[in-house]
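The structure appears right after this line, and notes come after that.
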Amino acid sequence: MICVATTAEVREYWERHIHDLDITTHPVGSRGFFDDLDRYHFEKLHHLFRLVPFDGPRGRTVLEVGCGAGVDLARFAKGGAEVTGVDLAASAIALARANFEQQGLHGRFEVADGEQLPFVDNSFDLVYAHGVVQYTANTQRLVDQCRRVLKPGGEAIFQVYNRVSWLNALSKLMNVGLEHDDAPVLLKFSIGEFRRLLSGFREVRIVPERFPVKSRLHGGWKGAVYNGLFVGTFNALPRSLVRRFGWHLLAFCRK
Ligand SMILES: C[S@@+](CC[C@H](N)C(=O)[O-])C[C@H]1O[C@@H](n2cnc3c(N)ncnc32)[C@H](O)[C@@H]1O
């Protein structure tokens with residue numbers, strides 16, 4: 001995969017941008033802010049509860065790469081895992097630490113590049129990278145590092161955006177930008193490309209998810225058509241027919 005930006009450019013962008021910031025009016029870092037982020041994340045991504053083993057065996061070690069404000073990592077910690085979060089942006093790590101502290105959760109955090117993870121080989125039972133591979137400078141390097149630090153037999157979970165999806169098509173048709181489309185790197189993958197990226201794993205299962213839910217962020221006539229017509233119509237179609245067009249591709253990989 002060709003690098004389209006430097007790691008310094010990616011870091012600089014994410015130091016200044018907090019994912020999902022638009023959905024809250026609470027001051028950044030307050031409890032109301034983290035609660036809003038959590039509510040919005042799992043309202044939009046309710047499939048995560050079904051697919052991700054947040055409540056896995058107690059004491060297993062979980063590394064989240066690109067943990068942002070620690071929304072998913074807090075779920076793993078509540079489930080009894082020993083969690084570590086890394087992110088390229090110091091601002092994200094500061095938020096994740098505050099989020100954990102306010103909830104009385106324990107976690108290790110470090111500012112680190114997922115393309116050069118500061119951990120020895122075979123360290124973690126589970127490595128999780130949600131919404132990160134598509135934003136990093138060298139995707140293959142990040143995936144390979146996640147596999148390196150995973151214990152043999154351990155599971156890695158990645159999420160990227162599906163190029164052949166309802167949201168990508170709709171954003172082009174309606175001329176509405178995608179979230180973070182101003183980021184230095186924003187890649188979208190076909191299922192085949194994603195599978196090739198993960199070919200170093202022993203087993204790979206790819207599940208398309210993330211179907212239309214009503215938006216609180218888009219107003220005007222486009223928002224009205226989307227919320228009033230598109231969401232209901234799309235969700236009335238048999239999932240078996242439209243699953244492959246889900247906006248998120250989740251990969252469950254075994255080392
Ligand atoms: C869209 S946010 C996703 C945050 C969180 N994982 C989620 O799903 O809500 C992308 C995050 O990935 C981080 N990131 C991007 N490239 C990275 C890299 N090479 N190493 C570590 N973190 C990275 C960014 O700093 C940012 O916090």
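Remember, it's 1-based here, ligands and their atoms both numbered in the order they're listed.
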Nearest protein heavy atom with distance in Å, relative to atom 17 (C) of ligand 1: L88 CD2, 3.7 Å
For atom 14 (N) of ligand 1, the option (of T136, I93, V132, D72) bearing the nearest heavy atom: V132
Polar proximity ligand 1 side, H130 side, N/O cut 3.5 Å exclusive: yes
Output field: ring centroids H19/H41 closer than 6.0 Å: no
A92, any N or O under 3.5 Å of ligand 1 N or O: no
For G131, the ligand 1 atoms whose distance to one of its heavy atoms is below 4.0 Å: 1 (C), 2 (S), 3 (C), 10 (C)
Test item, A112 contacting ligand 1 (heavy atom, 4.0 angstrom): yes
Lys/Arg-Asp/Glu bridge criterion (N-O < 4.0 Å) met for R147, D144: yes
Region of V86 that comes within reach of ligand 1 [heavy atoms, distance under 4.0 Å]: neither
E155/K255 salt bridge by N-O under 4.0 Å criterion: no
Shortest protein contact, atom 25 (O) of ligand 1 (heavy atom only): D87 OD1, 2.5 Å
Heavy-atom nearest neighbour in the protein, as seen from atom 4 (C) of ligand 1, with distance rounded to 0.1 Å: G66 O, 3.7 Å
Ring geometry between F124 and F119 (parallel below 30°, tilted from 30 to 60°, perpendicular above 60°): perpendicular
More than 12 heavy atoms of other groups within 6.0 Å of D182 CG: yes
Under-4.0 Å heavy-atom contact with ligand 1, by part of Q159 that carries it: neither
Those atoms of ligand 1 less than 4.0 Å from some heavy atom in D113: 18 (C), 19 (N), 20 (N)
Region of E64 that comes within reach of ligand 1 [heavy atoms, distance under 4.0 Å]: side chain
R243 and E209 ion-paired at < 4.0 Å: yes
Ring centre gap for F100 and F109 strictly below 6.0 Å: yes
Which segment of H19 sits under 4.0 Å of ligand 1 when only heavy atoms are counted: side chain
Residues V207, L249; criterion side chain to side chain contact (heavy atoms under 4.5 Å, CB included); working and verdict: CA-CA 6 Å; V207 184; L249 297 176; over 6 Å; no
Ligand-residue contact atoms, ligand 1 with G114, heavy atoms, under 4.0 Å: 18 (C), 19 (N), 20 (N), 21 (C)
Lys/Arg-Asp/Glu bridge criterion (N-O < 4.0 Å) met for R75, D55: no
Ligand 1 contact by H41, heavy-atom criterion under 4.0 angstrom: yes
Side-chain ion pair, R31 and D35, N-O less than 4.0 Å: yes
